[in-house]
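Read the structure below first, then the notes.
Ligands are counted one by one from 1 in listed order, and the atoms in each one are counted from 1 as well.
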Amino acid sequence: MTLIPWLKEVFTIRRLTPRQAVRVLVLVLGLSLWSYSWLSASAGILQLYEFSLVRMGTQVRIVLYAHDHATASQAASDAYERIEHLEQIFSDYREDSELMRICRSASQSPRVVSPELFFILDKSLYFSRLSDGAFDVTVGPVVKLWREARRLRQLPEAEQLAKAKLLVGYQNLVLDPAQGTVFLKRDGMDLDLGAIAKGYAADQALAILRNYGIRRALVDAGGDLSLGDPPPGRPGWRIEIQSPELKSGLGPCELFLHNTAVATSGDAYQFLETRGQRFSHIIKPSEALGVRDSVIATVIAPDGTTADAMATTLSVLTPSQGLELANSLEGVSAFLVRRQGNDLHTFASSRFPPFTGGPLQHAGRKPLSYAH
Ligand code: AMP
Ligand code: MG
């Protein structure tokens, strides 16, 4: 039967045989699917896509809105590839990373490095100077001792710490922008990008997505978030921030953010507890000790590199020093939760946005989580 007489038959009011009914159903479904995909592509209906892979030793999540699956997955795959490339440069776990090769050779003579490594070392020096060494990219030798201490669950030897401390000092890292070179003034120095590289990687991944025309996106590199335009029809990405209120389920502790970055640092999951003391994996370089004032620092900044570096810095500084520093930087704001004994104290810098929303049911497992 040809289509026109068949349709006539269908639309005349008479009982359909089961076969005809199935045909109608298939036709209607086919038409709806076709028109839906045509409409989404042409009328700009965006769909949500989520991706998650372990990169840089942490779970990296990409959440984005795109018109179709092919574009979404191609863009995400390129973003992950960019992160892998950066990991190969920045990792201090891989002996063959560019960073590790530089640590081994740049004390003999200045070495030319990749633009990415130069950029992040330059940023690191900026934050080291800005924080008067609370953030110190040369803290590697001390970090390694504390990493081992956490594994063995015992404090590093005082003598080893004293030796390692002699190798820490951002003043001994020399960058030459004209030549693109790095020089380490002392043999045995060890650079550590753990406090800044993930934020930079999140920025870079977001930039890759933008190249695909994907602007409504979020990249979460293990708590370092870079945010693009908000989800459709929303004021921003809903970010839950660790605070005592969140823990007790009383809120308010959510923010709606977009086109910005947010990072959290603290000793919530990585610490050494021994002889009644708790030492963070974040080091106070002036003492070569893990930070003992338990602080969770959340920083909002124009880019992920700044948010990441500042969140670590504010975990080392006292709250008043940290807030003063945050207040002095354009576009930067901070929220601190400090534990003293059984008491939790919160501090917010002057530009930190007010929390929105009421009680939250789902306190995130991580210090910082989000929904969309
Ligand atoms: P984050 O999770 O961003 O706060 O970074 C923590 C990591 O940064 C640690 O695991 C170390 O690798 C490194 N780090 C620790 N203390 C410092 C410090 N004072 N300055 C710079 N990097 C640090
Ligand atoms: Mg950091």
Side-chain angles (χ1 to χ4, degrees), residues 56-60 87 90-94 97 99-100 103 120-121 123-151 156 161 164-165 167-171 173 189-203 220-226 242 261-272 279-301 303-318 321-322 325-326 332 334 336 366-368:
M56 297 182 121
T58 191
Q59 202 73 39
V60 178
E87 187 176 5
F90 298 153
S91 174
D92 63 312
Y93 283 91
R94 296 182 181 185
S97 73
L99 183 79
M100 286 296 97
C103 288
I120 203 139
L121 287 176
K123 281 276 179 191
S124 298
L125 264 191
Y126 167 78
F127 288 108
S128 299
R129 291 183 184 124
L130 187 75
S131 66
D132 206 11
F135 178 98
D136 194 326
V137 67
T138 68
V139 76
V142 177
V143 167
K144 294 218 161 96
L145 287 180
W146 282 93
R147 212 180 264 166
E148 184 65 1
R150 284 200 306 282
R151 199 179 64 80
L161 277 178
K165 189 166 175 271
L167 296 169
V168 177
Y170 63 91
Q171 300 85 349
L173 166 64
M189 279 174 73
D190 209 345
L191 305 173
D192 185 320
L193 297 170
I196 190 168
K198 288 202 278 289
Y200 176 63
D203 284 346
D220 173 5
D224 291 302
L225 277 69
S226 283
Q242 178 72 38
V262 51
T264 290
S265 275
D267 67 348
Y269 303 106
Q270 292 191 63
F271 57 86
L272 169 68
F279 297 91
S280 168
H281 70 298
I282 297 170
I283 306 298
K284 190 166 187 177
S286 59
E287 296 177 349
L289 295 178
V291 170
R292 275 165 294 174
D293 290 333
S294 187
V295 170
I296 293 175
T298 300
V299 172
I300 300 173
D303 59 86
T305 316
T306 303
D308 190 0
M310 282 294 291
T312 309
T313 305
L314 267 54
S315 302
V316 178
L317 296 175
T318 64
Q321 289 170 328
L325 185 60
V332 173
L336 309 174
K366 289 192 300 178
L368 189 145

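Counting atoms of ligand 1 from 1 in the listed order, those under 4.0 Å from a heavy atom of Ile282 are 4 (O), 15 (C), 16 (N). Close contacts of ligand 1 with Pro285, meaning ligand atoms under 4.0 Å from a residue heavy atom, involve 19 (N). In summary, the atoms of ligand 1 found under 4.0 Å from a heavy atom of Ser265, numbered by their order in the structure, are 1 (P), 3 (O), 4 (O).
Summarising the contacts of atom 12 (O) of ligand 1 with Asp192, Val142, Val291, Val139, the nearest heavy atom is found in Asp192. Which of Ala309, Ala134, Ala195 comes nearest to atom 18 (C) of ligand 1 through a heavy atom is settled by distance: it is Ala134. Closest to atom 21 (C) of ligand 1 by heavy atom, among Thr138, Asp136, Thr313, is Asp136.
Using a 4.5 Å heavy-atom cutoff, the side chains of Ser124 and Thr138 are not in contact. Within the 4.5 Å cutoff, side-chain heavy atoms of Ser265 are placed close to those of Ile282. Looking at Ile283 and Val291, their side chains never come closer than 4.5 Å, going by heavy atoms from C-beta outward.
Protein heavy atom in closest approach to atom 9 (C) of ligand 1: His281 CD2, 3.8 Å. Here the protein heavy atom with the shortest distance to atom 1 (P) of ligand 1 is Thr312 OG1, 3.3 Å.
Rounded to the nearest 10 degrees, the angle OD1 (Asp308) to the Mg ion (ligand 2) to O (Ala195) equals 70°.
The salt bridge (charged side-chain N to carboxylate O under 4.0 Å, His left out) analysis of residues 128-142, with sequence neighbours excluded, yields no pairs.
With Thr298 as the partner, the side-chain contact (heavy atoms from CB on, under 4.5 Å) test is satisfied by one option alone out of Leu336, Thr264, Leu314: Thr264.
Donor-acceptor pairing under 3.5 Å is lacking for the side chains of Thr313 and Ser131.
For ligand 1, the polar-atom distance check finds an N/O of Ile283 within less than 3.5 Å of one of the ligand's N/O atoms.
For a distance bound of 2.8 Å, the N, O or S atoms of Thr312 include one lying that close to the Mg ion (ligand 2).
In this structure, Arg147 forms no cation-pi arrangement with Phe279, as its terminal cationic atom is not both closer than 6.0 Å to the ring centre and no more than 45° off the ring axis.
Atoms CZ and CE, on Phe127 and Met310 in that order, are 7.0 Å from each other to the nearest 0.5 Å.
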